[in-house]
Structures are given as structure tokens and as C-alpha cells.
**Student:** 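Below are the C-alpha cells for one structure; questions will follow.
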Amino acid sequence: APLALLAPDEIGAIADDSVELVINCDSLPEIGRETALHYLRQIRRISRRFLSINQETRKTHNGIAQNWVSELVEQAGGFQRVYRFRHWMEQGYVEELYERV
């Protein structure tokens with residue numbers, strides 16, 4: 001199957017239910033909460049599955065704590081977690097697979 005890497009502002013042009021799996025690594029915790037929620041809502045629209053490999057150390061930058069993907073997914077709604085475990089390659093990281101409900 002083809003693989004597409006797109007600029008962030010191109011996600012809105014992707015057709016509904018046209019993506020088999022969206023993978024996010026090393027970004028949702030570091031971006032602003034509202035932007036992260038926007039991406040998750042778009043991911044829910046375009047794909048049935050979402051794989052997250054991100055840190056949960058909750059580092060603080062300029063007084064703002066980083067996001068936890070699990071909290072973002074819960075707030076965005078529309079997904080259920082299939083599995084969650086520590087990511088074997090990086091300390092402080094978790095791997096989570098979600099499916100749209």
C-alpha cells in the first residue's frame with residue numbers, strides 16, 4: 001500500500017475513512033493542546049486506527065507541561081484503546097493502539 005507523508009496543514013484534504021492506520025511518534029505531547037486535539041479529530045475522521053508512540057514524562061517548557069496522548073484521545077473522543085504498554089526502545093515512552101468507535 002502507498003505511504004504518504006504530508007505537511008500538517010494538508011490533513012483536512014484527506015478523504016473520510018481513506019487511511020488504514022495513522023501513526024504518530026514524538027509530536028502530540030510537544031505541540032499545543034488545541035492543535036493536538038485538532039489533529040486527533042482529523043485522525044478520527046480519516047482512519048479507523050491510530051498508533052501512538054510518545055513519551056509521558058510530562059516535561060515542562062516555559063511553564064507549560066507536555067500533553068499525555070491518552071488524555072488528549074479521551075478529550076477528543078471517538079476512540080477506544082486496544083492496547084497500551086511501555087515502548088521497548090525508549091525509557092518513558094508508551095505505545096498505544098486506538099480504534100474508532
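It should be emphasised that the depicted structure is a prediction, and the values quoted were computed from it without experimental measurement.
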**Student:** Nearest heavy-atom pair of L51 and L21: which atoms, and what distance?
**Tutor:** N-CD1, 3.9 Å
**Student:** Checking one residue: I43. Which other hydrophobic residues are in its cluster under the side-chain 4.5 Å linking rule?
**Tutor:** L6, I11, I14, V19, V22, L28, I31, L37, Y39, L40, I46, F50, V69, L72, V73, F79, Y98
**Student:** List, by chain and then residue number, the residues other than W68 in its hydrophobic cluster (Ile/Leu/Val/Met/Phe/Trp/Tyr, side-chain heavy atoms under 4.5 Å); write none if there are no others.
**Tutor:** none
**Student:** Where do Q66 and R58 come nearest, in terms of heavy atoms and distance?
**Tutor:** O-NE, 2.9 Å
**Student:** Specify the closest pair of heavy atoms between E56 and R84, including all atoms of both residues, with the distance to one decimal.
**Tutor:** OE1-NH2, 2.7 Å
**Student:** In chain order, what residues pass the side-chain hydrogen bond (donor to acceptor under 3.5 Å, both in side chains) check against S27, with sequence neighbours excluded?
**Tutor:** N24
**Student:** Locate the shortest heavy-atom distance separating N54 from P29; write the atom from each residue and the value.
**Tutor:** OD1-CD, 3.2 Å
**Student:** Does any non-hydrogen side-chain atom of Q55 lie less than 4.5 Å from one of E30?
**Tutor:** yes
**Student:** Under a 4.5 Å side-chain heavy-atom rule over Ile, Leu, Val, Met, Phe, Trp and Tyr, are Y83 and I53 clustered together?
**Tutor:** yes
**Student:** Surrounding CD of E74 (heavy atoms of other residues, nucleotides or ligands, distance under 6.0 Å), is the total greater than 12?
**Tutor:** no
**Student:** About how many Å separate OG of S47 and CG of D16, when rounded to the nearest 0.5 Å?
**Tutor:** 11.5 Å
**Student:** Please answer whether the main-chain N or O of E96 pairs with a side-chain N or O of R81 as donor and acceptor at a distance below 3.5 Å.
**Tutor:** no
**Student:** Look only at the side chain of R86 and the backbone of V94, and say whether a donor-acceptor pair between them is shorter than 3.5 Å.
**Tutor:** no
**Student:** Determine whether more than 12 heavy atoms belonging to other residues, nucleotides or ligands lie under 6.0 Å from atom CZ of R48.
**Tutor:** no
**Student:** Which value, rounded to the nearest 0.5 Å, describes the distance between C25 atom SG and M89 atom CE?
**Tutor:** 10.5 Å
**Student:** For Q91, does the CD atom sit with more than 12 other heavy atoms under 6.0 Å from it, leaving out its own atoms?
**Tutor:** no
